[in-house]
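Read the structure below first, then the notes.
Chain identifiers are assigned alphabetically (A, B, ...) following the order of the sequence lines, protein sequences preceding nucleic acid strands; residue numbering begins at 1 within each chain.
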Amino acid sequence: MHIYIENIAKHEAKEVTVKGWLYNKRSSGKIRFILIRDGTGIVQSVIAKDETKNSIFEIADKITQESSVMLTGLVKKEDRAPGGYEIVANDLQIIQLAQEYPITPKDHSVEFLLPLRHLWLRSKKQSAIMRVRHEIIKACRDFFDDQGFVCADAPILTPAAVEGTTTLFEVEYYDQKAYLSQSGQLYNEATAAALGKVYCFGPTFRAEKSKTRRHLTEFWMLEPEVAFIELDGIMDLAENMVVYIVKRILERKSTELKTLERDFSKLESIKKPFPRITYEEAVKIVQKKDKTFPEGNDFGAPHETIISESFDKPVFIHHYPVNIKAFYMKRDPADESLSLSVDMIGSENAGELIGGGQREDNYETLLKSIKERGLSEDTYAWYLDLRKYGTCPHGGFGLGLERTIAWICGIKHCRETIPFPRMLDRVYP
RNA sequence: UCCUCGGUAGCUCAAUGGUAGAGCAUCCGGCUGUUAACCGGAGGGUUGCAGGUUCGAAUCCUGCCCGAGGAGCCA
């Protein structure tokens, strides 16, 4: 019977077949140990010369790393085997004998591994990250679906910019120009007015010349948008979501977190409430360590580090000055120079994981803001329409998926959190 | 666009102006419980490229190419 390695314990003392790839092998005189991986786990099989067919023993000698194989044998509880179980082989077939495999079980540099990403994904650590990624995606969807949100995805091909105009990938769209989406947010506002509570979840694209551990040119963003919600409600939603995701990964992906050598205590402390500080309070924290930081500026990576190190949980920073946030942010009625915006900085120096806020819902104010920034009224005509036909207080946020995965996995660089990272100067493989 | 660091065997690195080397991988041999197994042997090099200084350059100088980290911008 063909089984997956993750279920091996259920088949103790039974004959099973595993299908997979040779992970590694060791030998000692007349005994061979081969490690097979099938994507769900790794299992050791033992082949002793005097206790099995000669043909199997010869195959075990010949087999190379990453050859595809089919192995049949008896499952035995064995403390000496990694994982606690091993298979006593009585049949072994090579599906394809692999050529010399470039990625050995020793250390390699990212320089070497990145062009080999299609093979690198087979390694223990990388496949663990992909499994955590999958669970985070599923947790995000479940969190919103269970509360009656509707997934209403935004288009990827768009006629205009959401954020700036300098960071767009341009594509030919028949006889006109189109751009790859930087955010689904403006469309979310339309679907939220149709459906009440919505989210979109898909790839977004930014042609920034950024070359840091936090940047990909193609990254996934989860963006909920809610009608009749205000700033505090947006923070509540984000906080509940993050707590839910972290708890679920701890419950369901502990094996993977162990493979990644993650410090569990750092994740176990992610509980409500998260600190909520104003931009002004955040500036004071930064200025304690960097006296040169001018109030009114946006925080750069070193400043985020200072803020992050002051807390052992993610922290919300709200009420940023209007001029460092996008045109659609609602102004604080109590102080017109401030916006009802909020960012969430991850703990352990994970950077900005969430950006969002309450949107400008007044037609005249929004039009003024568009004009002030030199944007075209015509381009945003449909967006302005939303303020003509039953406008209401509303808002939402965007969660950077790859940064969130990197934070939860304790991985430094975002490029390891997506199967095939797209970065400045790298689109292969 | 700017700043910093780097490029030596398939991989990871050493050799600080004087014979280019080690571990892993590969191939051959040994070992009946291995845990990135171990032990012995072999093959493997235009030191990123082009100039220059020098009796002599992987090493010093100039230019270029490629890569990594970071800044700005941003999730």
Just the atom pairs and distances: protein N or O near nucleotides 5-11 of chain B's N or O, under 3.5 Å.
unit_1	atom_1	unit_2	atom_2	d
C11(B)	O2'	His108(A)	ND1	2.6

Selection: residues 21-41 of chain A, any non-hydrogen atom under 4.0 Å of RNA chain B: Asn24(A), Arg26(A), Ser27(A), Ser28(A), Gly29(A), Lys30(A), Ile31(A), Phe33(A)

Length of the NE2-P vector between His215(A) and C73(B), whole Å: 10 Å

Suppose we screen for side-chain contact (heavy atoms from CB on, under 4.5 Å). Which residues come up paired with Ile324(A), at least two apart in sequence or across chains? Tyr279(A), Asp298(A), Tyr320(A), Pro321(A)

Nucleotide A36(B), atom P - distance to OH of Tyr101(A) in whole Å: 19 Å

Ignoring hydrogens and angles, does a donor from either the side chain of Lys211(A) or the base of A71(B) sit under 3.5 Å from an acceptor on the other? no

Please name all residues satisfying ring-ring contact (aromatic ring centres under 6.0 Å, His included) with Phe112(A), sequence neighbours left out, ordered by chain then number. His108(A)

Pair of N/O donor and acceptor under 3.5 Å linking C73(B) base with Arg214(A) side chain: no

With sequence neighbours left out, which residue pairs that include part of residues 120-131 of chain A fulfil the salt bridge (Lys or Arg N to Asp or Glu O under 4.0 Å) condition? Glu66(A)-Arg122(A)

Secondary structure of RNA chain B per the Watson-Crick/G-U criterion (both distances under 3.5 Å; [ ] crossing, | other strand, . unpaired) is (((((((..((((....[..)))).(((((.......))))).....(((((..]....))))))))))))....

Output the rounded distance in Å from NZ (Lys77(A)) to P (G33(B)). 21 Å

Give a yes/no on whether any side-chain N or O of Arg426(A) is located under 4.0 angstrom from OP1 or OP2 of G67(B). no

All side chain to side chain donor-acceptor pair (under 3.5 Å) counterparts of Asp335(A), not counting sequence neighbours: Ser337(A)

Atom CD1 of Ile408(A) and atom P of A75(B): how far apart are they, to the nearest Å? 19 Å

Can you give me every donor-acceptor pair (side chain of residues 419-429 of chain A, partner residue at least two apart or in another chain, under 3.5 Å) with its distance?
unit_1	atom_1	unit_2	atom_2	d
Arg422(A)	NH2	Val427(A)	O	3.4
Arg422(A)	NH2	Pro429(A)	O	2.4

Separation of G69(B) atom P from Lys412(A) atom NZ, nearest Å, is 10 Å

Can you list everything that forms a side chain to side chain donor-acceptor pair (under 3.5 Å) with Thr365(A)? Sequence neighbours excluded, please. Asn362(A)

If the condition is salt bridge (Lys or Arg N to Asp or Glu O under 4.0 Å), which residues does Lys25(A) pass it with, not counting sequence neighbours? none

Please enumerate all residues that pass side chain to side chain donor-acceptor pair (under 3.5 Å) together with Glu402(A), with sequence neighbours excluded. Arg133(A)

Can you list the residues that meet the salt bridge (Lys or Arg N to Asp or Glu O under 4.0 Å) rule with Lys209(A), with sequence neighbours excluded? none

